[in-house]
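Report on one structure; see the data block that follows.
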Amino acid sequence: MMSNATQLIHSIPCDPLTGALSVPIYQTSTFVQDAPGVNRGYDYARSNNPTRAALENLVAGLEKGAAASAFGSGLAAIDAVVKLLKSGDEILAVDDIYGGAFRLFTQVYEKFGITVNYADTSDAENVLNAITPKTRLIWLETPTNPTLKISDIKAIAQIAKAHSCLLCVDNTFASPALQQPLTLGADIVVHSATKYLGGHSDLIAGIVVSNTKELGEKIKFLQNATGAILGPFDSWLVIRGIETLHLRIKQHCSNAQQIAEYLETHPAVDKVFYPGLASHPNHEIAKKQSKGFGGIVSFTLKNDTEEAAIKFVTSTRYFHLAESLGGIKRLLCHPANMTHKSIPSAKRKAAGVADSLIRLSVGLEDAEDLVEDLAAAFEKLNTSHILNKQNEYAGSLA
Ligand SMILES: Cc1ncc(COP(=O)(O)O)c(C=O)c1O
């Protein structure tokens with residue numbers, strides 16, 4: 001049996017026309033026809049493009065799906081899946097869902113009569129209790145962004161089937177190198193390919209993978225009918241990123257594990273969120289359904305204030321403060337003020353995204369250097385805490 005990594009590299013096609021080893025970028029809007037309706041498989045580049053098709057086939061294979069469609073962003077991919085529904089249908093979604101998906105559901109789709117209910121899906125029992133006769137789509141992220149909650153895909157897929165609902169898993173954080181939700185019973189997988197698939201923080205892209213040809217055709221219809229396609233150059237960049245996916249993910253996982261273990265021992269840290277830690281409440285499910293635990297680590301501070309978190313995220317030398325994740329370079333962010341700003345604060349906190357929560361996207365540098373950087377930022381936090389106390393004291397004397 002070929003390994004997944006071998007299969008992946010082997011499945012990237014050479015150009016049948018010229019033998020070019022790298023997939024050519026077909027930078028064209030249209031294709032010449034021999035007679036009306038007689039073409040060589042392509043007619044107009046919104047409907048299909050050979051470079052995009054190479055990417056779509058590659059990701060369908062990686063996720064063990066029947067078909068894939070590539071979109072201009074992860075959100076456009078999510079949007080295409082929601083468009084499978086009709087007015088009156090309900091979505092049941094994981095409660096600490098990515099802020100952009102929450103915004104799309106509430107601010108765009110609610111007015112079209114699609115309602116969303118949220119549940120802590122890390123306990124499958126909660127899914128069963130929250131399902132209504134109108135639920136048509138169950139939406140999971142596992143691990144979630146940014147509290148790294150894990151949901152049992154297999155158990156929830158069984159619940160979805162029993163209630164005639166589609167199960168869609170946002171597999172952005174794990175990537176198919178670690179977890180293949182379609183093999184566990186999910187119907188659809190979505191990706192922000194902006195993250196690990198692309199892997200180099202140089203593009204915005206999204207992918208929907210379906211477990212059947214029929215579902216794949218519905219998504220393909222929506223891709224063409226609504227037009228949010230991925231262009232040929234960005235498709236090529238994602239293919240190029242995917243070529244090193246397995247290698248990168250291995251290093252991300254190993255670095256993240258070391259950093260999570262370091263954070264667990266630091267006196268300024270309150271909680272560490274990483275599915276690879278034995279202390280993670282869903283560690284056993286994570287071990288069962290994925291080959292590794294990914295490159296994202298979140299933590300909260302004992303001094304649980306936005307001020308302390310902001311001080312920390314502006315004190316690191318290597319970790320850059322930025323939205324996004326999954327690239328070779330390390331990044332960090334403060335979700336309460338960045339990715340999750342569009343979620344009302346009470347709802348955000350109830351989902352475990354505390355004021356001081358900091359999310360690290362661990363890069364491919366040496367783990368020791370990254371730990372050193374974090375240690376120095378903790379030092380600064382400590383001194384600023386003492387200075388604040390001194391200022392408070394001076395103020396009280398004045
Ligand atoms: C889990 C997850 N899904 C979807 C998205 C949206 O992807 P994009 O930014 O490519 O539209 C993001 C973006 O951060 C994400 O983290």
Side-chain angles (χ1 to χ4, degrees), residues 55 59 63 68-83 91 93-109 116 118 121 137 139-151 153 168-176 178-179 181 186 188-209 223 226 228-231 234-235 237-238 241-242 252 273 275 290 294-298 321-327 331-343 348 351-353 357 359-362:
L55 168 66
V59 181
E63 287 287 5
S69 299
F71 291 85
S73 70
L75 265 175
I78 294 172
D79 180 68
V81 177
V82 181
K83 284 186 178 123
I91 302 172
V94 57
D95 55 2
D96 62 339
I97 192 165
Y98 165 62
F102 177 83
R103 181 180 53 204
L104 176 74
F105 292 164
T106 40
Q107 294 187 36
V108 179
Y109 280 101
V116 189
Y118 295 91
T121 55
L137 175 65
W139 194 278
L140 296 183
E141 280 175 38
T142 180
T144 55
N145 178 10
T147 61
L148 287 301
K149 255 189 214 171
I150 302 290
S151 298
I153 299 172
C168 178
V169 178
D170 184 332
N171 204 28
T172 299
F173 270 41
S175 95
L178 298 180
Q179 172 177 285
I188 303 170
V189 158
V190 298
H191 276 282
S192 168
T194 313
K195 311 292 168 12
Y196 289 106
L197 293 182
H200 294 75
S201 309
D202 54 8
L203 59 95
I204 299 284
I207 312 247
V208 181
V209 191
Q223 182 196 36
T226 63
I229 51 152
L230 189 65
D234 284 352
S235 297
L237 278 174
V238 181
I242 288 174
H252 280 303
F273 303 85
S290 54
I296 308 296
V297 182
S298 296
L321 179 63
E323 305 268 355
S324 204
L325 55 103
L331 297 177
L332 88 178
C333 88
H334 180 225
N337 266 305
M338 298 167 76
T339 50
H340 285 58
K341 208 175 166 61
S342 51
I343 301 184
R348 165 176 61 76
V353 187
L357 189 135
R359 185 189 75 192
L360 305 177
S361 173
V362 173

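In listed order, ligands and their atoms are each counted from 1. This structure is a prediction, so every number in the text was calculated from the model and none was measured. In this chain, numbering begins with 1 at the start of the sequence shown.
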> Any side-chain donor paired with an acceptor under 3.5 Å for T121 and S151?
Replying inline: yes
>> For V353, is there any backbone N or O sitting under 3.5 Å from a side-chain donor or acceptor partner on T147?
In response: no
> Using 4.0 Å as the upper bound for N to carboxylate O, is an ion pair formed by R348 and D96?
Replying inline: no
> Between A77 and V208, what is the shortest heavy-atom contact and its length?
Replying inline: O-CG2, 3.4 Å
> Has the side chain of H252 got a donor or acceptor atom that lies under 3.5 Å from a matching backbone atom of V362?
Replying inline: yes
> Quick check: does any side chain N or O of Q223 sit under 3.5 Å from a backbone N or O of I229, one acting as donor and the other as acceptor?
Replying inline: no
Give one line per pair: atom of ligand 1, protein atom, distance. Only N/O to N/O under 3.5 Å.
unit_1: ligand 1; atom_1: 3 (N); unit_2: D170; atom_2: OD2; d: 2.6
unit_1: ligand 1; atom_1: 7 (O); unit_2: S192; atom_2: OG; d: 3.0
unit_1: ligand 1; atom_1: 10 (O); unit_2: G74; atom_2: N; d: 2.9
unit_1: ligand 1; atom_1: 10 (O); unit_2: S192; atom_2: OG; d: 2.8
unit_1: ligand 1; atom_1: 10 (O); unit_2: T194; atom_2: OG1; d: 2.6
unit_1: ligand 1; atom_1: 11 (O); unit_2: G74; atom_2: N; d: 3.0
unit_1: ligand 1; atom_1: 11 (O); unit_2: L75; atom_2: N; d: 2.9
unit_1: ligand 1; atom_1: 14 (O); unit_2: K195; atom_2: NZ; d: 2.6
unit_1: ligand 1; atom_1: 16 (O); unit_2: N145; atom_2: ND2; d: 3.2

